[in-house]
Amino acid sequence: MKKLMTMTRQFRDDENGAAMVEYTILLGIITIAVIASIVVVGAWVGARWTSLSTTLTANP
């Protein structure tokens with residue numbers, strides 16, 4: 001148990017651990033933004049494709 005407490009204190013005092021957490025949070029935010037962008041662009045392209053298909057079908 002003492003070894004676990006020592007390791008916990010070392011991790012808390014180590015600035016590399018804090019930087020790793022910050023980079024992980026930043027990576028998560030970037031990932032969410034990329035996924036949201038892909039979804040939005042995909043919906044836009046899908047709507048355009050449907051509109052084009054409808055126009056071509058209605059005007060033979």
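- Hydrophobic clustering places Val21 together with Ile29 (ILVMFWY residues linked when any side-chain heavy atoms are closer than 4.5 Å, directly or through intermediates).
- Considering Thr57, Thr50, Leu56, Thr55 as possible partners of Ser53, the one that fulfils the side chain to side chain contact (heavy atoms under 4.5 Å, CB included) test is Thr57.
- Rounded to the nearest 0.5 Å, atoms CG (Leu27) and CD (Glu22) are 13.5 Å apart.
- Ile38 forms part of a hydrophobic cluster together with Leu26, Ile30, Val34, judged by ILVMFWY side-chain heavy-atom separations under 4.5 Å.
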